[in-house]
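As structure tokens, the structure follows; a few thoughts come after it.
On a predicted model such as this, the values are computed, not experimentally measured, just so you know. Only heavy atoms go into these numbers, but all of them, side chains included; no hydrogens, no water, no symmetry mates. In what follows, chains carry the letters A, B, and so on, assigned in the order in which the sequence lines appear, proteins first and then strands, with residues in each chain numbered from 1.
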Amino acid sequence: MDTIIEKISNVLSQAFTLCGYDAKYAKVTLSNRPDLCEYQCNGAMAAAKVYKKAPLTIADEVVNQLKEDILFEQIESIKPGFINICVSPAYLTEFLNTMSVSKQFGYVPKVTNKTVIVDYGGANVAKPLHIGHLRSAVIGESIKRIQRYAGNTVIGDVHLGDWGLQMGLIIEELRDKNPNLSYFDESFLGEYPSEPPFTISELEQIYPVASKKSKEDETFMERAHKTTLELQGGNKAYAAIWKHIMNISKADLKKNYDELHVAFDLWKGESDSQPYIKDMLQQMIDNGLTYESQGAMVIDIQEESDKKELPPCIVQKSDGAALYATSDLATMVQRESDYHPDAYIYLADKRQELHFTQVFRVAKKAGIVKQNTDMTFLGFGTMNGKDGKPFKTRSGGVMRLEYLIKDIQDAVYDKVINNRDMSNEEALNIAKIVGLAALKYGDLSNQASKDYVFDIDRFISFEGNTGPYILYTIVRIKSILSKYQQEGNPILYNKVQAASSNIEKSLQLALARFLDMIDMAYMEKAPHKICQYIYEVSNIFNQFYHSTKILGEKDKEKKQGYIALICLTKDILLTCIDLLGFECPDKM
RNA sequence: GUGCAUGUAGCUCAGUGGACAGAGCGUUUGCCUCCGGAGCAAAAAGUCGUGGGUUCAACUCCCAUCAUGCACACCA
């Protein structure tokens with residue numbers, strides 16, 4: 001169905017056309033002066049110059065066409081040339097009742113039915129998830145859900161960093177630590193052990209040690225490079241170690257992502273793209289795209305419109321090894337053959353923007369993806385501490401994601417147990433749900449591309465623009481509805497009544513806006529728009545709640561109307577938090 | 001050096017070329033015989049970094065400038 005703004009725009013377009021003006025001037029927006037009207041159209045002022053008429057005259061003519069339209073309670077022209085609009089309560093009610101019985105509230109996106117790949121940009125195997133991985137997971141999960149809600153087929157790929165230099169580093173460190181392992185015995189010809197030579201916690205310690213060593217010890221670094229190359233070349237011993245690393249690491253990563261309620265359709269990694277590299281490079285060479293520069297094989301990506309010189313994209317290192325860009329491109333080859341996607345969305349730290357610019361351009365230049373494939377890089381900012389610098393633990397290290405989650409859940413638990421009378425087990429369960437909501441909402445309510453300040457006390461607060469406040473509002477509605485049902489009344493969905501107070505109409509207008517909002521969040525890939533919206537809806541609902549006796553209402557039809565209204569409020573809020581990737585408890 | 005991003009209330013953040021720039025936190029002050037007070041209402045608080053320009057109209061678009069952050073090929 002059309003959104004309410006589209007419906008009003010359509011009516012205005014007809015009026016503009018009828019008066020002899022281009023329909024493009026009939027654009028309607030939400031009013032920025034709610035004290036004057038609900039919706040507004042500023043087109044008369046824009047049209048004034050073209051038609052050489054006073055803006056107010058144009059506005060008057062248009063308004064005169066629409067005075068009697070049943071859509072409007074009031075439509076008037078004001079001062080310089082604004083057209084101010086209030087919709088009729090009866091129409092609004094009908095709109096909401098249609099929404100309440102329609103699938104997805106009647107949301108029909110303009111652009112849809114595409115296959116979209118969401119790439120979460122590589123947690124590294126053998127390294128614990130840290131807070132740097134939080135944003136990619138949280139934002140990506142929400143983007144994925146929004147895309148699906150809009151009818152797209154979405155394939156989310158965790159896309160592990162499982163093939164780069166860090167593997168060589170780990171293997172070499174393992175050799176130094178334990179040279180007697182059969183993997184390092186070149187004369188060994190038997191089967192390598194099926195049991196891994198390390199546990200997850202040992203594995204997690206190996207990488208930082210190796211990384212540090214590589215910076216101080218040049219020969220160690222050289223060995224790591226060589227080993228990486230040999231692993232990529234198919235060395236059996238290294239492949240056996242690699243497999244152990246993968247198995248252990250994946251299981252641990254999965255556990256952590258489950259905790260975050262983040263799920264992937266694919267657990268592919270850079271290694272999966274390896275078989276595609278050789279042919280891809282050959283084709284690039286055959287097409288004359290590549291040339292040699294300082295021993296490496298590169299492709300130019302400069303375009304005339306560029307303001308600055310962009311470095312060419314390296315597709316093969318001077319030592320013959322593949323690198324980041326190579327495997328990203330080869331991964332596209334694989335995805336094209338497996339899924340024929342129409343769009344790609346990559347999530348990564350915004351500092352990687354240049355890399356993705358290069359890769360995207362090469363992908364189109366080399367014909368790996370179709371020319372009209374929609375390539376999006378969703379770069380996100382850093383999570384900072386209260387001091388405005390990248391978030392660190394007290395000791396100055398990088399914080400592990402699982403500790404961060406635990407901290408926030410513990411903090412919520414303390415609040416719940418102090419404020420509510422409930423069992424320990426129940427409080428723990430609620431703390432889990434509410435804690436995750438606090439964390440995700442705290443992140444998603446900011447524009448993804450900006451840095452933001454992580455403040456645990458603010459995020460878990462039940463006041464203000466926070467996850468817990470939203471959940472509190474929903475729980476409150478749930479509580480009223482269950483009380484209503486306990487009195488033996490069924491909830492009827494499409495019984496919203498014409499508003500009998502300003503605040504009730506405000507709530508109705510806010511709910512009607514859902515369709516416009518969700519399309520905007522989808523088109524702009526902007527979860528924070530959903531946060532902003534549900535915060536507004538929650539505020540308005542709470543005002544309504546405080547000024548209106550719902551269950552105490554004597555008039556049965558009116559009461560039914562209130563119930564239908566708050567039920568729709570609840571359903572919309574629940575839909576929104578689901579799109580953000582968290583849930584709501586029954587009480588808290 | 002070049003390019004990109006950011007700069008809005010004390011703090012954290014919204015803001016679609018339109019009317020008087022909005023929230024929350026914090027501060028001050030009201031409201032519990034109330035369906036969840038973990039709430040609601042009210043007040044104070046702004047040269048929208050600075051200076052130009054385009055426009056009937058600029059926080060929004062353009063140019064310059066200052067500040068901060070980031071990136072600038074063989075890491076990912």
Among the candidates [options], find the nucleotide nearest to the side-chain atoms of [X].
X       : options                : value
K450(A) : A14(B), A73(B), G37(B) : A14(B)
Q532(A) : A73(B), G15(B), U55(B) : G15(B)
H546(A) : G39(B), A38(B), G18(B) : G39(B)
E463(A) : C74(B), C25(B), U55(B) : C25(B)
I480(A) : C35(B), A38(B), C70(B) : C35(B)
Q352(A) : A76(B), C35(B), U12(B) : A76(B)

Using the ring of each side chain (for Trp, its six-membered ring), is Y346(A) parallel, tilted or perpendicular to F360(A), with breaks at 30° and 60°?
tilted

Give a yes/no answer on whether the side chain of [X] brings an N or O atom under 4.0 Å of OP1 or OP2 in [N].
X       : N      : value
K386(A) : U12(B) : no
K79(A)  : A19(B) : no
N32(A)  : A19(B) : yes
N542(A) : G39(B) : no
Q447(A) : G15(B) : yes
K317(A) : A73(B) : no
R476(A) : G37(B) : yes
Q543(A) : A41(B) : yes
H528(A) : G15(B) : yes
Y469(A) : C40(B) : yes

Taking only the [atom1] atom of each, what is the distance from [N] to [M] in whole angstrom?
N      : M      : atom1 : answer
A45(B) : A9(B)  : P     : 15 Å
C61(B) : U8(B)  : P     : 16 Å
A38(B) : C25(B) : C1'   : 15 Å
G37(B) : U47(B) : P     : 38 Å
A67(B) : G26(B) : P     : 35 Å
G17(B) : A58(B) : C1'   : 7 Å
C72(B) : G15(B) : P     : 29 Å
C48(B) : A42(B) : C1'   : 26 Å

[X] [atom1] to [N] [atom2], straight-line distance once rounded to whole Å:
X       : N      : atom1 : atom2 : value
N384(A) : U68(B) : CG    : P     : 16 Å
F377(A) : C4(B)  : CZ    : P     : 16 Å
F544(A) : A41(B) : CZ    : P     : 14 Å
M383(A) : C70(B) : CE    : C1'   : 19 Å
Y472(A) : A38(B) : OH    : C1'   : 6 Å
K215(A) : C75(B) : NZ    : C1'   : 10 Å
L56(A)  : G18(B) : CG    : C1'   : 15 Å
L169(A) : A76(B) : CG    : C1'   : 12 Å

At 4.0 Å (heavy atoms only), tell me whether [X] reaches a base, stays on the sugar-phosphate, or touches nothing.
X       : result
N84(A)  : base
L323(A) : sugar-phosphate
S293(A) : base
L36(A)  : base
H225(A) : sugar-phosphate
D35(A)  : base
A46(A)  : base
K529(A) : sugar-phosphate
Y545(A) : base
K483(A) : sugar-phosphate
M520(A) : nothing
E536(A) : nothing

Donor-acceptor pair (no angle test) under 3.5 Å: [X] side chain, [N] base:
X       : N      : value
S479(A) : C35(B) : no
D349(A) : A71(B) : no
S445(A) : A14(B) : no
Q40(A)  : A19(B) : yes

Using a 5.5 Å cut-off between ring centres and planes within 30 degrees, is F82(A) stacked on the base of A19(B)?
yes

Which atom names give the shortest non-hydrogen contact between I530(A) and C576(A), and what distance separates them?
CG2-CB, 3.6 Å

Exercise: identify the closest heavy-atom pair between A48(A) and A54(A)
CB-C, 4.5 Å

Would you say the side chains of [X] and [Y] form a donor-acceptor pair under 3.5 Å?
X       : Y       : value
Y441(A) : N465(A) : yes
D516(A) : Y533(A) : no
Y452(A) : D443(A) : yes

Applying the Watson-Crick and G-U wobble criteria at under 3.5 Å, what pairs with U27(B)? Answer none if nothing qualifies.
A43(B)

G22(B): pairing nucleotide in any strand, Watson-Crick or G-U under 3.5 angstrom:
C13(B)

Cation-pi, Y545(A) ring and R476(A) (6.0 angstrom, 45 degrees):
yes

K213(A) charged N/C atom sitting above F220(A) aromatic ring, 6.0 Å / 45°:
yes

Under a 4.0 Å N-O cut-off, is there an ion pair linking D157(A) with K268(A)?
no

NZ/NE/NH1/NH2 to OD/OE distance under 4.0 Å, D162(A) and K250(A)
no

By nearest heavy atom, map Y39(A) and P311(A) onto RNA chain B; which one lands nearer the 5' end?
Y39(A)

Mapping V298(A) and R513(A) onto RNA chain B by nearest heavy atom, which one lands closer to the 5' end?
R513(A)

